There are 2 protein chains.
Amino acid sequence: MPKVGVKSLRKLQLIDATLASIGEHGLQSTTIITISRIAGLSSGIISHYFGGKQGLIEATIMHLLEQLKVVLLERVSPKKLNAAERLNMIIEANFTSFQRSTPTIKTWLSFWAESMHDPKLKRLQNINSKRLYSNLLFSYRQLLAEDVAIMASQKTAAMIDGLWLRCALSSSPEEEFIKAEQLCKSFVDEQIKQYGDITCH
Amino acid sequence: MPKVGVKSLRKLQLIDATLASIGEHGLQSTTIITISRIAGLSSGIISHYFGGKQGLIEATIMHLLEQLKVVLLERVSPKKLNAAERLNMIIEANFTSFQRSTPTIKTWLSFWAESMHDPKLKRLQNINSKRLYSNLLFSYRQLLAEDVAIMASQKTAAMIDGLWLRCALSSSPEEEFIKAEQLCKSFVDEQIKQYGDITCH
DNA sequence: AAAAATTAATTGAACGTTCAATCAATAAAA
DNA sequence: TTTTATTGATTGAACGTTCAATTAATTTTT
C-alpha cells in the first residue's frame, strides 16, 4: 500500500483549502477548481476523498463545529473553574481569533443559509445551537434559581450569537469583536448580580 | 402604446415570485426559470425589468429592507407614544409574521452570506444594522443616562438579532418566535428598571 | 369612426459559459 | 506485482443572457 497517514493529511489539507477558498471567493464562487488549486492538488482528488464537492463542504462545516467544541473543552477541562469563570470561558470560545477570521465568518453565514434546505446541515446546526444553551444553563444553575437560570441562558445565548453576527457583518469586524466580547462578559456579570442574591445555595 | 402602469405591477410580481422561489428552493437553487414559472411570465422578462437575475435578487432584498422600515413607521408614526412604548414597537416590527415567514427567513440569511462579497449588499446591510441601533438609542436616551443608553442599545440590538436568528434556525420557529418576542420585551423592561432611576429627567 | 402607424411588453429558442463528475492513464508505495 | 494515490482531459447538464419575432395597447391619420 502507498504512504500511510496520507488520507487524514489530504482530508485536512482539502478542508483548509475549502475554508481559504470560501474566505477568498465566498461559497457561491467556490468550485472544485479553486479548492484544488489552493490545496495544490488535482480536482479529481475531491471526489476520491469526499465523494464530491458537497461532501467536502459538509466536512468543512463539521470541522468548524468540531473546532468550536474543542476550543471550549480546552478552556474548561484543565483548570478547576467556578460557574462564573466557566461562563466567561464559553464567551471567549465563541470569540476566538478563529471565530473572527474571514474564512470562518463566511463559512458560518453560508452554513446557516444552506442549513435551511439541507436536513443534514440543519441537524448539525440544531445540535450546535442547543449545546451553547446547555453549557450556559449548566453554569447558571449553580448561581441562580432554576427559572431565572433558564431565562438567563436563553438571553445569553442570543446575546452571544447576536453580538457575533453584528460584528461579523459590520464594516470593521476587528474592533467590534473586541468591544463585543467585553460587552457580553459584562452582561453575564449583570445577570449574576441582578438575580443571584438569596435564592442560590 | 401598451398597458400603462404595468411596469411597477410586473416588478412587484417578480419580486414576490422571487421570495416564493427562495422560500421553496433556496437562493442557490433559485433560477430565472423557477422565478418566471411562479410569476407566470417568461424568463426573458427578468432581464427586461431588472437587467438580469442579480438585479432582481438585489431588488428583492431591498424590498425586504423597505418592508422592515415601513412596518416600523406604521407602528410609531400614527400614535403618540412614550419612549418605552416605542421600544416595544421596534421589537414588534422585527418579529412580525412577515419577518417570521419562511421566504423572508431564507432570503435574509442568504442576504447576509451574499453581503460578504457584494459591496452593494454590504452597504445595504450596514445601513439596516445601524438603523436598528439608532432607533433604539433615540428611545433609550429619554429613559437612561447617555453612556448607559448606548450600552443598552447595543445589547438590545444584539438581543433582537440573536433571538431572531436562533428562532429562524430552530426546528420549530413558530413557537420559538412567540416566546422570543416576550423575552425580548422583558429584557428591555429590565434595562429600563435597572438603570433608569434618578439620572433621568 | 375606421385604418394605419407607433411603441412598449413579452415570449422563448439559441448561444456560450460554467461547473461537478467521471474515468482512463500514470505514479508510487507496499 | 498488486494496490492505492493522483492526475487532468473530457463530458454533459444547467444556467443566465441575448435578441429576433410576436402581441397588444395607444395614438395618429384619413
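What you see is a predicted model, and the numbers here were worked out from it, not measured in a lab. Chain A is the first sequence line, chain B the second, and so forth, proteins listed ahead of strands; every chain is numbered from 1.
- In this structure, R100(B) contributes its side chain and F95(B) its backbone to a donor-acceptor pair below 3.5 Å.
- The CG atom of L56(B) sits 11 Å away from the P atom of dG16(D) (whole-angstrom rounding).
- Among the protein residues, I46(B) comes within range of no part of the nucleic acid, since none of its heavy atoms lies under 4.0 Å from any strand.
- Residue T30(A) is classed as a sugar-phosphate contact, given heavy-atom separations below 4.0 Å to backbone atoms only.
- Using a 4.0 Å heavy-atom criterion, one finds that T31(B) contacts the sugar-phosphate atoms exclusively.
- Distance NZ (K7(B)) to P (dT10(C)): 11 Å, rounded to an integer number of Å.
- Counting only distance, with no hydrogens or angles, the side chain of N126(A) and the backbone of K122(A) share a donor-acceptor pair below 3.5 Å.
- Using a 4.0 Å cut-off, some side-chain N or O of H48(A) falls inside it from OP1 or OP2 of dA5(D).
- When atom types are taken as modelled, the side chain of K106(B) and the backbone of G23(B) share a donor-acceptor pair closer than 3.5 angstrom.
- Checking dT10(C), dA9(D), dA5(D) against every side-chain atom of S43(A), the shortest atom distance belongs to dA9(D).
- Using cut-offs of 30° and 60° for the angle between ring planes, the W164(A) and F177(A) rings count as tilted.
- Among the atoms of the strands shown, only primed sugar atoms or phosphate atoms (P, OP1, OP2) are found under 4.0 Å from some heavy atom of G52(A).
- Side-chain proximity of R10(B) to the nucleotides dT18(D), dT10(C), dA21(C) is greatest for dT10(C).
- Distance F50(B) CZ to dA9(C) C1': 14 Å, rounded to the nearest Å.
- Here dA21(C) is the nucleotide among dT11(C), dA21(C), dG16(D) with the atom lying nearest to any side-chain atom of K53(A).
- As a whole-Å value, the separation of I45(A) CD1 from dT4(D) C1' is 10 Å.
- Rounding to whole angstrom units, CD1 of residue I32(A) and P of dT10(D) are separated by 16 Å.
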